[in-house]
Amino acid sequence: MFAEPMTLARADASALAPSADATHPDPVTIEIVKGALRATQSEMETVLERTAMSPIIREKQDYFCGLFDRQARLLIGTKIPVLGNIIGPVLKAYAPETMRPGDLYWYNDCYGSEGGVSHSPDQVFVAPVFSGGRIVAYAHSWAHFLDIGGMRPGSTTPDATDIFQEGIIVPPVKLYDQGRLNEELFKTFIRNTRFPDMARGDMRAMMAAVRLAEKRLLELFGRYSAEMLDASFDALINQSERAVRQGFRERFGAGSWQFADRLDSDGQGSDPVTVRMTLRADASGVALDTTASDDQVKGAVNFLMHPSVPKMIFGIYFLAADQGLLLNEGVLRLIDEVELREGSVLWPRFPGALGQRTNTLAKVQSCCLGLLDIADPTRGHAGSSIYSFNQLRGIDSRSGKPFLKSMGLGVGHGARAEADGIDAVYFIAQKNYPIEFTEQNFPLRVRAYCINSDSAGPGRWRGGAGVIREVEVLTERAMLGVRMDNVANPPWGVAGGMSGRSGRIVLNPGTDRERVLRSMEDGIMVSRGDIIRFECVGGGGYGHPFDREPQRVLNDVLGGFVSLNSAQADYGVVLSSDGEQIDEVATQAHRATHRWDTKLFHRQGYLDADEWYQQCAHP
């Protein structure tokens, strides 16, 4: 490996430039090609979602698909910033000149792919696309599998302390050789899952998505010459690069900025775990240094972060203003260097456990947003919580068959400088399991599903609210594993806004058997009739809460987002005893006499940027 901090720089753009005699497409052609790429990706994801067997793909939608050009440059990717180096591991193991039509490659090896995937349940399928006897593109599908073996059903568990406990590891291998399936390899994988029918169906769904992409790309290359399409791809990549570079220059200019944020725990005794970033920009380029982040930990929150991840986060942010642009290779050119330290929580040594790495990814996102806030608080974005992910496993007494119910629950996202945070979000574009689906397919009864009142961070723009979900166990015995972050370290408020409010997981609430669970633990045995209550965290607020219009506060009270007490204590809005009318005079008087001073960030008190970093650096 490497002894010094690892530096990964972008490739020399000149090496990827088209030849001098390449055809120059007109703007209409470029837009047609853009539309074709988007349509192909959409079709791939539709096929994958509708033909997959496991609910984690079909209902939760934990998947994405993408396309690359013949030079392995990203043409269209995902808005989930865990992309990694999808194609690189395959090309490292199999030279392009050895590939043939009908080949299909597969891997889930996190360490072997250097973060191509970042926890083992994520499977990647890659296929070269041939036209005119040569490779003209690559297509990939990526999806989280329900179970791939390991120490607990579901494979990811807070109890894991090395990656071997998290399921079977597949290095880059050729699953299809010129259209012929490697049956032995396929059967070996299926034998290592507790739910073989689902895994078999999910693999075939992923294959179908990639094969559909081959068909659609061949149609595109049948319509336009390879030279025309290569030039169109160049133009689309350059469009996105120009947009993110312009956005970065307007926000940062030249200088140095630093930010840090904490995970509550690794579930194995390391409390807290801190991610630290320093961003530097000057005439020579842009560098992001993460080497001050904490050392890797015993628990499974280690995140094998490929350098493309922070690049993708900033790219998503700067492309948000123009939905006409593609998330492609252009956004990966924004940051010239990403520095990683081997043995850190962001580049752990093999065989460190990785299954709960989403909590650490959330802190990477948080740090990127914090850097943006320091550079220009007037366009700030408060901190967001990471969704609560829980698993219930056992034998369904109704059928006698094993079941695994994954429960991803929505949290509040941070407020923005012009809008409230989004309520009840389960990691960007993914979905929760509907009540009807849950009760029909699993031995559970959903007793409550609602907004967690007062969880949103107060502000001129309030944070998003988390949810409450309460379920009753309807089978004799089951094992529960839980994960909820931002309990001890709630999402920060910015520019005068206050942090989101904490959450908790309670077993048998309101009874003499009530027990508040640790925010990350597994092996919790539950029985028929036990109640599990999840109270999820809210996002941070933006701007002073007393600047929020009283009518908005009243609307939040009537909608169940804010309590009557919080309306006055946090927002300075005095309401009638029934909570349905604003007392304008009393509100003005209260706000005039009770307004408090603020600083840039808030979490259990206000801090300026230097104070924030020092507090995170020295808990």
Side-chain angles (χ1 to χ4, degrees), residues 44-45 47-65 86 89-90 93-94 102-113 116-127 139-157 160 162-212 351 354-355 391 393-396 399-406 441-442 479:
M44 292 172 70
E45 293 184 340
V47 165
L48 177 52
E49 178 184 332
R50 294 186 178 181
T51 60
M53 294 293 290
S54 69
I56 207 162
I57 299 175
R58 193 180 67 250
E59 298 289 338
K60 180 172 167 287
Q61 300 184 359
D62 197 348
Y63 65 81
F64 64 83
C65 300
I86 295 292
V90 172
Y94 297 90
D103 288 353
L104 188 145
Y105 303 87
W106 166 38
Y107 70 90
N108 77 335
D109 187 345
C110 303
Y111 287 97
S113 67
V117 291
S118 52
H119 72 173
S120 298
D122 295 341
Q123 311 298 312
V124 174
F125 285 6
V126 175
H140 88 82
S141 59
W142 173 107
H144 182 120
F145 275 36
L146 184 68
D147 180 87
I148 59 164
M151 69 182 296
R152 299 261 196 242
S155 306
T156 61
T157 167
D162 69 54
I163 196 168
F164 295 110
Q165 297 170 328
E166 297 177 328
I168 187 171
I169 299 172
V170 181
V173 293
K174 187 186 293 187
L175 183 59
Y176 273 84
D177 185 351
Q178 299 183 67
R180 294 188 298 273
L181 174 66
N182 185 330
E183 293 280 358
E184 286 72 23
L185 182 61
F186 186 84
K187 288 189 292 187
T188 299
F189 179 77
I190 297 301
R191 184 60 175 162
N192 278 272
T193 173
R194 297 172 176 90
F195 300 94
D197 289 342
M198 287 188 183
R200 188 179 293 108
D202 290 349
M203 289 189 77
R204 296 197 182 281
M206 291 182 70
M207 297 175 200
V210 170
R211 294 308 186 200
L212 175 64
L354 307 173
Q391 294 180 314
R393 325 164 180 99
I395 302 296
D396 189 338
S399 64
K401 295 181 179 180
F403 74 93
L404 169 58
K405 175 67 175 76
S406 60
N441 291 278
F442 301 97
M479 179 184 290

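Just so you know, these numbers come straight off a predicted model, no measurement behind them. Heavy atoms only: backbone and side chains are in, while hydrogens, waters and symmetry mates are out.
- Panel note: side chain Q123, backbone P121; a donor-acceptor pair is recorded below 3.5 Å.
- Taking all atoms of both residues into account, the shortest heavy-atom contact from A139 to V210 is O-CG1, 4.1 Å.
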### Task
Apply side-chain contact (heavy atoms from CB on, under 4.5 Å) to the pair S118 and C110, showing each step before the final yes or no.
CA-CA 5 Å; S118 52; C110 303; 5.5 Å; no
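- One finds the CH2 atom of W106 at 5.0 Å from the CG atom of L185 (value rounded to the nearest 0.5 Å).
- A donor-acceptor pair under 3.5 Å is absent between the side-chain atoms of S54 and the main chain of M198, judged by distance alone.
- In this pair, F64 and W142 present their aromatic rings parallel. The plane angle is below 30°, not in the 30 to 60° band.
- Identified under the side-chain hydrogen bond (donor to acceptor under 3.5 Å, both in side chains) test for residues 173-183, with sequence neighbours left out: none.
- Nearest heavy atom pair, residue Y107 against residue S113, reads CE1-CB, 3.7 Å.
- Proximity of a side-chain donor or acceptor of E166 to a complementary backbone N or O of L354 within less than 3.5 Å is detected.
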### Stepwise side-chain contact (heavy atoms from CB on, under 4.5 Å) test for M203 and I190
CA-CA 10 Å; M203 289 189 77; I190 297 301; 4.1 Å; yes
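- Within the model, atoms CG of L146 and NZ of K405 stand 10.5 Å from one another, a figure rounded to the nearest 0.5 Å.
- Between M207 and L175, the closest side-chain pair of non-hydrogen atoms falls below 4.5 Å.
- L48 has its side chain within reach of C65: a pair of non-hydrogen atoms, C-beta onward, lies under 4.5 Å apart.
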### Task
Please assess Q61 against E45 for the test side-chain contact (heavy atoms from CB on, under 4.5 Å), listing each intermediate value before the final yes or no.
CA-CA 9 Å; Q61 300 184 359; E45 293 184 340; over 6 Å; no
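- Closest of all the heavy-atom pairs between P351 and F164 is CB-CE1, 3.8 Å.
- Taking CD1 of I57 as the reference point, atom NE2 of H144 lies at 8.5 Å (rounded to 0.5 Å).
- Remark: side-chain polar atoms of R194 are paired, donor with acceptor, to backbone N or O of R152 under 3.5 angstrom.
- T193 contributes a side-chain N or O that, together with a main-chain N or O of D147, makes up a donor-acceptor pair within less than 3.5 Å.
- Residues S141 and A209 come closest through the heavy atom pair CB-CB, 4.4 Å.
- The ring-ring contact (aromatic ring centres under 6.0 Å, His included) check on F195 picks up nothing, with sequence neighbours excluded.
- Atom CG of residue L404 and atom CZ of residue F442 lie 7.5 Å apart, to the nearest 0.5 angstrom.
- Remark: the backbone N or O of Q391 is not paired with any side-chain donor or acceptor of S406 at under 3.5 angstrom.
- Residues passing the salt bridge (Lys or Arg N to Asp or Glu O under 4.0 Å) test with D202: none are found, sequence neighbours excluded.
- Under a 3.5 Å cut-off, the side chain of R211 and the backbone N or O of G102 do form a donor-acceptor pair.
- Of the candidates V90, N108, I86, V124 forms a side chain to side chain contact (heavy atoms under 4.5 Å, CB included) with just one, namely I86.
- Pairing each heavy atom of K60 with each of I56, the nearest pair is CB-O, 3.3 Å.
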### Candidate pair V170 and D109, rule side-chain contact (heavy atoms from CB on, under 4.5 Å), full reasoning
CA-CA 5 Å; V170 181; D109 187 345; 6.0 Å; no
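- A distance of 13.0 Å separates CZ in R58 from CZ in R50, rounded to the nearest 0.5 Å.
- Rounded to the nearest 0.5 angstrom, N441 CG and D396 CG are separated by 10.0 Å.
- R393 contributes a side-chain N or O that, together with a main-chain N or O of P153, makes up a donor-acceptor pair within less than 3.5 Å.
- Inter-residue side-chain proximity for I148 and F189 is flagged as met; some heavy-atom pair is nearer than 4.5 Å.
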